[in-house]
Chemist: 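Okay, here's the structure, questions in a sec.
In what follows, residues are counted from 1 in the order of the sequence shown. Both counts, for ligands and for their atoms, begin at 1 and track the order of listing. Basis for what follows: all heavy atoms, side chains included, without hydrogens, waters or symmetry-related copies.
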Amino acid sequence: MPAGSKANARVAIVGAGPVGMVCALALNRRGIAVTVFEQEPFPPVEQRAATTHPSTLEMLEELGVTQKIVPLGMVSTAYRFHDRVTNTVVAEFNLDLMKDEFRFPFALQYEQYKMTASIAAEYANAGDFDVRFSHGVTALTQHADHVDLDIATPEGPDKLRADYVIGCDGGRSTVRKHSEIEFEGFTYPEQFIKIATPFDVATLNPNLVLRNYFSDPNEWCNLFKVRGEEPGGLWRAIFPLQADETEESALDPDNIEQRMQKFFPKPGRYETRYVNVYGVHQRVAGTFRKGRVLLAGDSAHLNNPIGGMGMNGGIHDGINLADKLARVIHGEAGDDLLDLYSRQRRHAAVKYVQAQTIANKRLMEERDPAIRQANFDQLRRTADNPETARSYMRRAALFDSLRDAAAVT
Ligand SMILES: Cc1cc2nc3c(=O)[nH]c(=O)nc-3n(C[C@H](O)[C@H](O)[C@H](O)COP(=O)(O)OP(=O)(O)OC[C@H]3O[C@@H](n4cnc5c(N)ncnc54)[C@H](O)[C@@H]3O)c2cc1C
């Protein structure tokens with residue numbers, strides 16, 4: 001064993017969301033003992049991320065996950081930008097064009113909770129991959145050579161001593177707060193509403209593909225297909241609430257119906273499967289490392305969901321961190337490598353995910369007719385030229401963010 005390596009090191013991961021579970025699996029594959037604490041009694045079923053980009057599919061393939069989830073999800077080759085006012089397609093980006101470059105020239109529509117549950121079911125509680133549900137971390141204390149965690153369990157309070165702690169505990173991260181790490185950025189004034197319907201919206205509009213972005217100066221919309229739990233799948237629409245609209249009013253069944261009918265008029269009421277209103281933030285933690293505490297995923301960065309980058313960027317954090325932390329624990333590198341993790345992934349979060357998602361939202365909601373037209377012309381030109389279309393897809397699939405982050409020293 002190399003000098004400096006620690007044979008019985010244990011890493012505690014707080015949160016069994018997609019980032020926590022992928023990071024735990026990647027560390028465990030490198031021979032590191034992990035304990036994952038999840039406050040919920042079982043893998044949470046949350047209707048959030050559904051799009052996994054080609055760059056993430058490549059990483060998950062190395063863990064044996066992509067091969068299992070591709071047959072269960074929906075393969076989405078193209079995505080389209082629509083002008084909702086004229087009901088026309090502005091531009092289409094087709095990942096077929098990237099066949100010579102991307103190992104997976106498609107995005108996979110597969111809900112995050114299904115991926116998380118399948119990793120938990122297949123790998124957890126074997127080979128020192130310990131996952132404890134109904135275990136909420138309430139506090140942590142750092143020492144020179146370990147971290148003590150306080151945990152609330154159904155049997156009462158418990159404690160665990162870990163060599164390192166990774167906070168994958170989402171936007172309200174207890175780990176981040178207890179480590180006194182700033183979460184800089186802003187919250188949008190308007191909330192978003194997500195409506196899922198089993199009605200096949202594609203029968204009303206032949207221009208739909210599995211992923212659609214509708215620009216509209218009054219009410220933009222993202223419309224995606226997901227598998228859901230039924231054979232025909234679900235269409236999931238995300239809209240902004242109006243500035244003076246309350247959550248209660250938006251959730252009123254008649255207002256949900258009106259919102260859907262205004263978008264895609266059809267005879268009869270829309271059936272819905274789930275509807276949520278949620279706040280949207282653009283925030284990045286001041287650092288992703290403080291001593292023996294590390295942050296990854298939503299605990300480290302939050303962004304709006306336009307472009308599907310939050311979970312993808314979080315999984316990229318988890319894979320980058322697992323590699324570096326394993327090298328530190330195995331004595332192959334000094335622990336300053338963990339500062340490099342923080343610099344690289346913070347760079348990707350700020351320069352790519354924050355910048356791109358803020359720009360995506362502006363494009364969807366632009367009100368000035370001249371700017372809207374200029375945006376559409378630019379998007380059309382980008383999509384029509386194979387070279388610019390390729391660069392656009394590389395950036396949107398987060399390959400540029402990975403290349404640039406790797407160059408950060
Ligand atoms: C509507 C919507 C659509 C989205 N679509 C996409 C998309 O298509 N693609 C994409 O990349 N991203 C998307 N996102 C973002 C994505 O959902 C998040 O970025 C992703 O869930 C982050 O994963 P995570 O594991 O970091 O955190 P989370 O998924 O939030 O998981 C955190 C886990 O930690 C647990 N936890 C919290 N506190 C504690 C504690 N103290 N102790 C123990 N456990 C704790 C929670 O119960 C939870 O299970 C979307 C988000 C929304 C809202």
Chemist: Taking atom CG of N94 and atom CE of M393, what is their separation to the nearest 0.5 Å?
Modeler: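 Reported to 0.5 Å precision, the distance equals 7.0 Å.
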Chemist: Can you give the donor-acceptor pairs under 3.5 Å from side chains of residues 396-409 to other protein atoms, not counting sequence neighbours?
Modeler:
{"residue": "S401", "atom": "OG", "partner": "L398", "partner atom": "O", "Å": "2.8"}
{"residue": "D404", "atom": "OD2", "partner": "Y352", "partner atom": "OH", "Å": "2.9"}

Chemist: Test: salt bridge (Lys or Arg N to Asp or Glu O under 4.0 Å). Region: residues 73-82. Which pairs qualify, not counting sequence neighbours?
Modeler: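 Found R80-E92.
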Chemist: What residues form a ring-ring contact (aromatic ring centres under 6.0 Å, His included) with F133, not counting sequence neighbours?
Modeler: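 If we apply the ring-ring contact (aromatic ring centres under 6.0 Å, His included) test to F133, skipping adjacent residues, there are no hits.
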Chemist: Using 4.0 Å as the upper bound for N to carboxylate O, is an ion pair formed by R84 and E219?
Modeler: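 Yes, this pair counts.
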Chemist: So for atom NZ, which belongs to K177, do other residues, nucleotides or ligands contribute more than 12 heavy atoms lying within a distance under 6.0 Å?
Modeler: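 It does: K177 NZ has more than 12 such atoms within range.
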Chemist: For ligand 1, what are the residues with a heavy-atom contact below 4.0 Å?
Modeler: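 Its neighbours under 4.0 Å (heavy atoms only) are V14, G15, G17, P18, V19, F37, E38, Q39, E40, P44, R48, A49, A50, T51, Q112, H135, G136, V137, C168, D169, G170, T174, K194, I238, Y278, G297, D298, P305, G308, M309, G310, M311, N312, given by chain and number.
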